[in-house]
Undergrad: 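Once you've had a glance at the structure underneath, I'll fire off some questions.
Numbered from 1 within each chain, the chains take letters A, B, ... in sequence-line order.
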2 protein chains.
Amino acid sequence: MATTKHALFPEEQVSLAAFAGALAHPARIAIISLLQERKEVCCGDIVKELPLAQATVSQHLKALDKAGLLHLRECGPKVCYSLNCEAIRSFCHSFQCTLGTDQADHSAELEPAADCANRRS
Amino acid sequence: MATTKHALFPEEQVSLAAFAGALAHPARIAIISLLQERKEVCCGDIVKELPLAQATVSQHLKALDKAGLLHLRECGPKVCYSLNCEAIRSFCHSFQCTLGTDQADHSAELEPAADCANRRS
DNA sequence: TTGACTTATCGTATATCTACGATAAGCGAT
DNA sequence: ATCGCTTATCGTAGATATACGATAAGTCAA
């Protein structure tokens, strides 16, 4: 009864959610950090760094690749991964636009609604 | 055998993944967009806008709240939600730092790695 | 070809997510 | 107290995600 319903939402929202979903796991954040500091890394090197089995790392890499965040290059028996910086930048941009933090003008509108009384988290 | 393993990763990566996870659904992106254009919205208004049942919307709101992205205010029988802009801004900042797009100077470094040969998606 | 190495995929078990109806719980008015 | 309204929670079903071992598939060297 819980079929996904993603199709009922605007395409841009689905796209942004997919981007967020690709980053919604510590291992994938770690992979991206690793790819950022060492320009290009092969799967085995990532396996050495993370507390996960090779199959799991490969699965996470596939998820990142599916989201379009990676470039991959086969060199010999290895596969070298690097960040698709352009795609990431593009996603970040629409991300910030949607989140409304593109320009941080917390100068005028610090009060969200002046007619608000009690407020709790 | 697939217990979560999040605890084996650095706290910041877990935190960022949680933030991304909160945004990893089109409905939650839509809710944030809605909260951005109308400063403050109650649950029922969101239900009217989205193709989801009230229980589902409430669940999504809970997820966003749990991630710390919302302020909520009870007024009468209603509950009014607004964005926790400060938290969102803070998350976005560390987000961009991690993704390496904190300053989008795609002026000099358009070439990710000049020593790469063939490259395919 | 065989062997050593690297990575992707398969199969599988468990956990979490998604979605809903039903119901509970709260407020305000009558 | 009762009714109408609003929202949260419960219970549940199905779909996805997570993690691993085992295995397949590929490259390079001998």
Undergrad: Taking for each residue the nucleotide of DNA chain D with the nearest heavy atom, is it B/D45 or B/T4 whose nucleotide lies nearer the 5' end?
TA: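 Looking at DNA chain D, the more 5' nearest nucleotide goes with B/D45.
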
Undergrad: Can you see if the side chain of A/H25 gets near the phosphate of D/dA19 - specifically, an N or O under 4.0 Å from OP1 or OP2?
TA: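 For A/H25, the contact criterion (side-chain N or O under 4.0 Å from OP1 or OP2 of D/dA19) is met.
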
Undergrad: Can you measure A/E74 atom CD to C/dA8 atom P for me and round it to whole angstrom units?
TA: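 A/E74 atom CD is separated from C/dA8 atom P by 9 Å.
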
Undergrad: Would you give me the side-chain donor-acceptor pairs under 3.5 Å for residues 16-35 of chain A, sequence neighbours excluded?
TA:
unit_1, atom_1, unit_2, atom_2, d
A/H25, ND1, A/A27, N, 3.0
A/R28, NE, A/A22, O, 2.6
A/R28, NH1, A/H60, ND1, 3.0
A/R28, NH2, A/G21, O, 3.1
A/S33, OG, A/I29, O, 3.2

Undergrad: Would you mind reporting whether B/F9 and A/L52 have side-chain heavy atoms less than 4.5 Å apart?
TA: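 Result yes, sub-4.5 Å side-chain heavy-atom pair found.
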
Undergrad: For B/H60 and C/dA19, is the shortest distance between a side-chain N/O and OP1 or OP2 below 4.0 Å?
TA: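 It does, given that an N or O in the side chain of B/H60 lies less than 4.0 Å from OP1 or OP2 of C/dA19.
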
Undergrad: With a 4.5 Å heavy-atom cut-off, do A/F91 and A/L69 have their side chains touching?
TA: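 Yes, at least one pair of side-chain atoms sits under 4.5 Å.
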
Undergrad: Taking the minimum atom-to-atom distance to the side chain of B/K78, which one of D/dT6, D/dA8, D/dA19 wins?
TA: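 The nucleotide sitting nearest to the side chain is D/dT6.
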
Undergrad: Mind calculating the distance between NZ (B/K62) and P (C/dT18) to the nearest angstrom?
TA: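 Between P of C/dT18 and NZ of B/K62: 14 Å.
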
Undergrad: Under a 4.0 Å heavy-atom cut-off, which of residues 50-59 of chain A touch DNA chain D?
TA: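 Of all residues in residues 50-59 of chain A, the ones placing a heavy atom under 4.0 Å from DNA chain D are A/L52, A/A53, A/A55, A/T56, A/Q59.
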
Undergrad: Is A/K48 salt-bridged to A/D45, cutoff N-O under 4.0 Å?
TA: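 Looking at A/K48 and A/D45, the cut-off is met.
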
Undergrad: Whole angstroms only, please: what is the NZ-C1' distance between A/K48 and C/dT7?
TA: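 In whole Å, C/dT7 C1' lies 13 Å from A/K48 NZ.
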
Undergrad: May I ask you to evaluate whether B/Y81 reaches the phosphate of D/dT6, defined as a side-chain N or O under 4.0 Å from OP1 or OP2?
TA: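 Looking at the OP1 and OP2 atoms of D/dT6, neither is under 4.0 Å from any side-chain N or O of B/Y81.
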
Undergrad: Would you say A/K5 places a side-chain N or O within less than 4.0 Å of OP1 or OP2 belonging to D/dA15?
TA: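 It does not, given that no N or O in the side chain of A/K5 lies less than 4.0 Å from OP1 or OP2 of D/dA15.
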
